[in-house]
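Encoded as structure tokens, the structure appears first; notes follow it.
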There are 2 protein chains.
Amino acid sequence: MCKPGVSDGNGAIPESTTNGFNSFGQDDHGRSYPDSGTNVYCRPQASLSPSPMSLIPSSQPFPGSYNFQFEFGKQPKDTKSTAWTFSDMTNKLYAQKDAMCPVRFRIDCDGVANGLYIRALPIYSRPEHVQDVVKRCPNHIQAPESANIPHREHFIWCENQGARYVTDSSTGRCAVIAPYDAPPAGTSWVTYLFSFKCLNSCVGGPNRREMSIIYTLENSNQEVLGRLSIDLRICACPGERPEIRRR
Amino acid sequence: MCKPGVSDGNGAIPESTTNGFNSFGQDDHGRSYPDSGTNVYCRPQASLSPSPMSLIPSSQPFPGSYNFQFEFGKQPKDTKSTAWTFSDMTNKLYAQKDAMCPVRFRIDCDGVANGLYIRALPIYSRPEHVQDVVKRCPNHIQAPESANIPHREHFIWCENQGARYVTDSSTGRCAVIAPYDAPPAGTSWVTYLFSFKCLNSCVGGPNRREMSIIYTLENSNQEVLGRLSIDLRICACPGERPEIRRR
DNA sequence: GCACAAGTGC
DNA sequence: GCACTTGTGC
Ligand SMILES: [Zn+2]
Ligand SMILES: [Zn+2]
């Protein structure tokens with residue numbers, strides 16, 4: 001079994017968990033809601049006293065000793081109606097809501113990687129919103145097809161066996177953790193299927209705020225061994241790059 | 001005290017209640033939800049077997065023996081940014097969400113009208129949707145300013161003293177009932193303030209479906225003594241008639 | 001895949 | 001009050 005040392009990639013103390021941060025939302029659920037005032041859908045205001053950087057999850061990528069890497073599986077079609085597309089140029093994933101997006105990970109490992117995990121955590125990438133917890137909008141949480149699903153409030157779902165949905169009790173951040181499986185014979189890449197359960201535009205949820213996914217490679221003590229960050233846009237037409245849209 | 005006889009205006013048996021109808025929604029809440037399929041915001045389908053007319057609330061106006069009538073108070077401003085405007089031409093109220101709309105009612109009554117009530121019930125006016133219960137969208141129900149408000153699921157609110165929010169136990173229809181007060185000295189019109197707590201476009205709620213308000217004059221036995229119907233459109237810019245909108 | 005609808009930022 | 005954004009119907 002291979003086990004390189006824990007590193008943190010920021011030259012600081014290794015995080016014993018990815019959850020060492022706080023969120024400052026508009027309400028108990030850290031969400032922005034429509035019409036806090038009369039008839040105005042408003043975005044959450046930046047908190048008056050900005051939260052210390054340490055309270056915000058790090059999105060600083062670092063391969064770490066395991067040389068943690070990702071790539072995307074082949075996209076279904078290359079037309080404008082594709083369910084998802086990843087731009088290497090911008091490091092941004094465009095996907096429809098609920099589309100299964102195959103993300104492959106690999107690590108440098110001579111033997112069997114045991115007790116390793118992939119954590120997927122969504123964040124708002126803009127500093128004004130990064131302190132807010134990414135949650136689904138009430139409309140989608142309450143939708144019948146999410147009824148009785150325990151993780152229905154989670155924005156990122158992972159279809160892999162063994163995926164575990166966690167909500168940090170102090171911050172309210174929702175993440176999904178899947179065991180890092182051994183790659184199939186003949187490759188070092190392991191595929192994970194992620195889907196995203198709100199649109200970027202969902203009122204009462206993401207509410208048009210730009211997002212990123214933070215993928216961390218962790219050991220069973222939740223020590224971060226490597227980190228990746230991917231920008232994310234969930235929309236009806238991921239095949240249409242925003243700049244191409246006709247006026 | 002004046003008390004003309006109960007009439008029904010349809011030449012049929014008087015309704016002993018406005019609630020003698022059923023709703024056939026998409027789910028337990030009679031609502032349309034986003035993405036019943038993958039990534040498609042869909043409207044509710046018309047039920048395969050159309051509901052009998054008797055199960056749908058009547059919106060047939062009739063003044064009745066009391067000569068039940070309405071008019072609108074003076075609108076705040078006549079600019080495009082008005083909070084509400086009523087078109088006599090089309091019998092349609094255009095209003096912003098949460099805007100207080102003053103509706104005046106009058107009845108022919110020589111003495112003191114006692115034990116009379118005004119009921120306001122919202123319906124979807126198109127036959128495809130009339131069987132669905134009008135409720136607020138989950139986003140607005142869950143919004144912090146609606147927390148702890150018992151009638152937060154109601155689409156129509158009435159600000160008058162004595163307003164009572166009722167939900168029919170068999171149909172799930174939500175209505176608000178206010179006592180018919182004596183008009184102030186010098187007029188026969190009594191003013192009621194109504195507000196509408198979702199946009200016409202609210203996903204998971206009205207979801208772009210056209211609506212009407214049914215106002216009924218009732219006695220304390222919920223017998224209908226008169227009925228009025230007003231078409232309704234709740235939107236961000238009620239001052240802009242839909243036809244005027246620039247392309 | 002286009003044209004429309006309609007809430008939002010500014 | 002305009003222009004833009006972006007989900008939706010067709
Ligand atoms: Zn959503
Ligand atoms: Zn609403």
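Letters A, B, ... are given to chains in the order of the sequence lines, protein chains preceding strands, and every chain is numbered from 1.
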Value in whole Å for how far the [atom2] atom of [N] lies from [atom1] of [X]:
X	N	atom1	atom2	result
A:Asn207	C:dG9	CG	P	8 Å
A:Ile234	D:dT5	CD1	C1'	17 Å
A:Lys80	C:dA3	NZ	P	10 Å
B:Glu240	C:dG7	CD	P	10 Å
A:Leu199	D:dG7	CG	P	5 Å
A:Gln96	C:dG1	CD	C1'	13 Å
B:Arg208	D:dT6	CZ	P	15 Å
B:Lys97	C:dG7	NZ	P	12 Å

- prompt: Salt bridge or not for A:Glu71 and A:Arg104, using N-O below 4.0 Å?
  reply: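 Salt bridge: yes.
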- request: Mind telling me whether B:Phe155 and B:Phe196 have parallel, tilted or perpendicular rings, with 30° and 60° as the class edges?
  value: tilted
- prompt: With under 30° as parallel and over 60° as perpendicular, where do the rings of A:Phe105 and A:Phe68 fit, or are they tilted in between?
  reply: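 The rings of A:Phe105 and A:Phe68 lie parallel, inter-plane angle below 30°.
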message: Strictly below 4.0 Å: does A:Ser201 bring a side-chain N or O up to OP1 or OP2 of D:dG7?
response: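 For D:dG7, OP1 or OP2 has a side-chain N or O of A:Ser201 closer than 4.0 Å.
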query: Can a side chain N or O of A:Arg233 be found less than 4.0 Å away from OP1 or OP2 on D:dT6?
result: yes
- request: Looking only at side-chain atoms of B:Ala236, point me to the closest of C:dG7, C:dG1, D:dG1.
  value: C:dG7
A:Arg136 (side chain) donor-acceptor with A:Lys197 (main chain) under 3.5 angstrom: yes
